[in-house]
Amino acid sequence: MKSTEQRVSKILSRGIIKNILPSESELKKKLLSGEQLRFYIGADPTGPSLHLSHAKNFMLLEEFRQLGHKVFVLFGDLTACIGDPTDRNAARTRLTREEAKKNVDSWVNQIKAIINFDDHDNPAEVVLNSTWFDQMSVTEMIELLSQTTVQRMLERDMFEKRINNNQPIFLHEFVYPLFQGYDSVALDVDVELCGTDQTFNALAGRDLLKRFKGKEKFVVAVNLMENPATGELMSKSNGTGVFLGTNPKTMFGEVMSLPDEMIEVVLINNTRVALDEIAQLDIKNKPRDAKLFTAEKLVSIFYGERAGKDEKESFIQTFSKKSFPSDAPKVEIEENQLDLLSLVKRCQPEKSNNEIRRLISQGAVSLNGNKITDFEESLVISQGMELKVGKRGFFHIN
RNA sequence: GGAGGAGUGCCCGAGUGGUUAAAGGGGACGGGCUGUAAACCCGUUAGCUUAGCUUACGUUGGUUCAAAUCCAACCUCCUCCA
């Protein structure tokens with residue numbers, strides 16, 4: 001077992017953390033004091049799915065839990081109903097409480113592989129900020145609102161931009177930082193982990209905590225995972241996402257389809273592979289191997305080592321060696337004879353006929369390894385036929 | 001309360017009466033290439049009983065041989081003034 005000091009240094013220096021306020025050395029001192037600190041990450045459950053950039057925050061939190069600190073995963077079910085003004089479109093996509101609650105359940109499910117909620121002695125704890133905001137009286141709210149000034153809020157770049165662009169700022173989003181910040185007070189924390197884009201909000205919380213409780217909160221700002229070549233953030237719309245809550249095969253594939261530049265970013269943020277081991281991978285010259293390694297690691301973390309190995313093997317067999325995957329779904333066909341269009345439709349009923357016609361004429365469909373481009377071609381169905389549709393659609397015909 | 005502006009396909013965004021199922025970009029999908037589902041090149045991207053038909057540009061009506069494009073009402077959103 002390494003000394004606490006070594007473990008702490010390792011966590012702080014891996015390259016995940018961008019900035020520590022008020023200072024790294026102060027935090028380090030505190031971490032080594034032997035005191036059990038209270039950590040938290042807050043996240044507004046605005047959508048159903050999480051990706052790796054979210055996951056890395058929770059993984060970091062888990063490391064602090066393993067050091068013996070108390071950690072909270074805070075879901076802003078109430079603040080999600082406000083909409084963080086950081087997101088330009090948030091004002092439009094306000095959630096109902098029911099939607100937020102649903103997302104919370106889904107998120108907990110997705111992160112329980114990387115954060116331990118069941119530890120006997122020191123489990124991570126899920127908290128919802130509606131717990132305290134629902135109890136808050138108007139008197140208390142006025143007290144909260146009186147803790148800051150309009151000028152102070154206006155320091156926020158986002159608000160300044162909106163004013164310059166003649167974009168609206170609604171009152172409820174204007175005070176959003178205050179509400180988010182109050183979470184720190186309610187939870188009485190020592191340290192908050194947040195994305196660099198949330199620094200302003202986290203600092204608002206730091207101020208509040210100082211005023212209400214005279215306590216100095218540390219803010220640990222972590223990098224957002226972005227493509228070093230293009231600066232693109234990981235997100236669904238950029239197509240650069242690896243999403244949690246799918247399945248091992250999908251996750252493996254999503255990693256393989258990441259741009260090569262993302263390999264190192266993912267290894268650093270989402271695995272704990274030693275930095276010198278990452279360097280030895282020689283990503284530049286062997287991107288494919290490095291990516292396979294990364295994909296296996298990730299699937300192992302989320303679904304277990306067995307799944308990681310299996311998916312890697314399956315990927316190599318299917319896409320490198322081009323052999324028909326043995327775990328392809330089986331489709332029962334009663335008829336002895338069927339045209340190609342209908343056959344594909346049986347396997348992928350969610351596709352429209354037009355789409356299937358298109359695929360066939362583009363040469364995407366093959367039977368037993370032979371490409372067929374006539375969708376009207378009548379086929380004699382036999383046991384064990386192998387149908388391939390596109391890159392990833394594999395079916396055994398029975 | 002007054003004046004003005006906007007609502008287009010999965011997303012962003014052109015388009016102001018007629019080859020417009022709607023430019024362009026993104027995403028996605030397919031093909032080629034690659035011992036990566038990366039990159040790159042090319043193509044596709046409403047549905048159907050597919051040489052035809054049906055549905056589609058906020059909603060509902062109207063004008064016209066013909067409307068995303070003109071008119072009316074309504075809904076939603078934004079800006080400025082007060």
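Within every chain, numbering begins at 1; the chains are lettered A, B, ... in the order of the sequence lines, protein sequences first and strands thereafter. All values derive from a computational prediction rather than experimental measurement.
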Strand partner of [N], provided both Watson-Crick or wobble distances fall under 3.5 Å:
N	answer
B/A51	none
B/G43	B/C29
B/G9	none
B/A38	none
B/U20	none
B/U69	none
B/C80	B/G2
B/C74	B/G58

Integer angstrom distance from the [atom1] of [N] to that of [M]:
N	M	atom1	value
B/A67	B/G2	C1'	33 Å
B/C41	B/A51	C1'	33 Å
B/U79	B/G61	C1'	30 Å
B/U64	B/C78	C1'	33 Å
B/G15	B/C65	P	29 Å
B/A6	B/G52	P	38 Å
B/G25	B/U34	C1'	27 Å
B/C71	B/C53	P	31 Å

Would you indicate what [X] reaches in the nucleic acid, counting non-hydrogen atoms under 4.0 angstrom: base, sugar-phosphate, or nothing?
X	value
A/Lys391	sugar-phosphate
A/Phe252	nothing
A/Gly390	sugar-phosphate
A/Lys371	sugar-phosphate

Q | Residue met sooner reading RNA chain B from 5', once A/Lys388 and A/Asp260 are mapped to nucleotides | A |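 Comparing both residues, the 5'-ward one is A/Lys388.
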
Q: Return the 5'-most residue of the pair A/Lys249, A/Lys322 with respect to RNA chain B, ranking by each residue's nearest nucleotide.
A: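 Between the two, 5'-proximity favours A/Lys322.
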
[X] [atom1] to [N] [atom2]: how many Å, rounded?
X	N	atom1	atom2	value
A/Gln348	B/G30	CD	C1'	13 Å
A/Glu296	B/U36	CD	P	18 Å
A/Lys291	B/U36	NZ	P	10 Å
A/Gln317	B/U36	CD	C1'	16 Å
A/Phe293	B/A38	CZ	C1'	18 Å
A/Asn285	B/A39	CG	P	19 Å
A/Met256	B/U34	CE	P	17 Å
A/Phe315	B/U36	CZ	P	8 Å

Q: Check for a donor-acceptor pair, side chain of A/Arg65 on one end and backbone N or O of A/Ile115 on the other, with a separation under 3.5 Å.
A: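 Absent.
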
Report the nucleotide, chosen from [options], that has the shortest atom-to-atom distance to any side-chain atom of [X].
X	options	result
A/Arg288	B/U36, B/G43, B/A38	B/U36
A/Arg357	B/G30, B/U49, B/A38	B/U49
A/Leu359	B/G35, B/A38, B/C29	B/C29
A/Arg392	B/U36, B/G35, B/C29	B/C29
A/Gln362	B/C48, B/G43, B/U36	B/G43
A/Phe319	B/A37, B/C48, B/G30	B/A37
A/Ala364	B/G35, B/G30, B/A38	B/G30

Q: Compare every heavy atom of A/Val191 with every heavy atom of A/Leu27, then report the nearest pair and how far apart it is.
A: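 Reported closest heavy-atom pair: CD1-CG2, 4.0 Å.
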
Just by distance, no angles: are the side chains of [X] and [Y] close enough, under 3.5 Å, to form a donor-acceptor pair?
X	Y	value
A/Gln198	A/Glu192	no
A/Lys297	A/Thr271	no
A/Glu140	A/Ser137	yes
A/Gln151	A/Glu155	no

(Q) Applying salt bridge (charged side-chain N to carboxylate O under 4.0 Å, His left out) to A/Asp207 and A/Arg211, what does each step give before you reach the verdict? (A) CA-CA 6 Å; A/Asp207 280 356; A/Arg211 282 166 181 267; 5.8 Å; no

Q) Is there a side-chain polar atom (N or O) of A/Ser352 under 4.0 Å from OP1 or OP2 of B/G47? A)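 For B/G47, OP1 or OP2 has a side-chain N or O of A/Ser352 closer than 4.0 Å.
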
(Q) Counting neighbours of NZ on A/Lys213 that are heavy atoms of other residues, nucleotides or ligands and sit closer than 6.0 Å, is the number greater than 12? (A)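 More than 12 heavy atoms, drawn from other residues, nucleotides or ligands, come within 6.0 Å of this atom.
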
(Q) Would the base of B/U49 count as contacting A/Asn353 through its side chain, where contact means a donor and an acceptor less than 3.5 Å apart? (A)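 A donor-acceptor contact between them is absent.
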
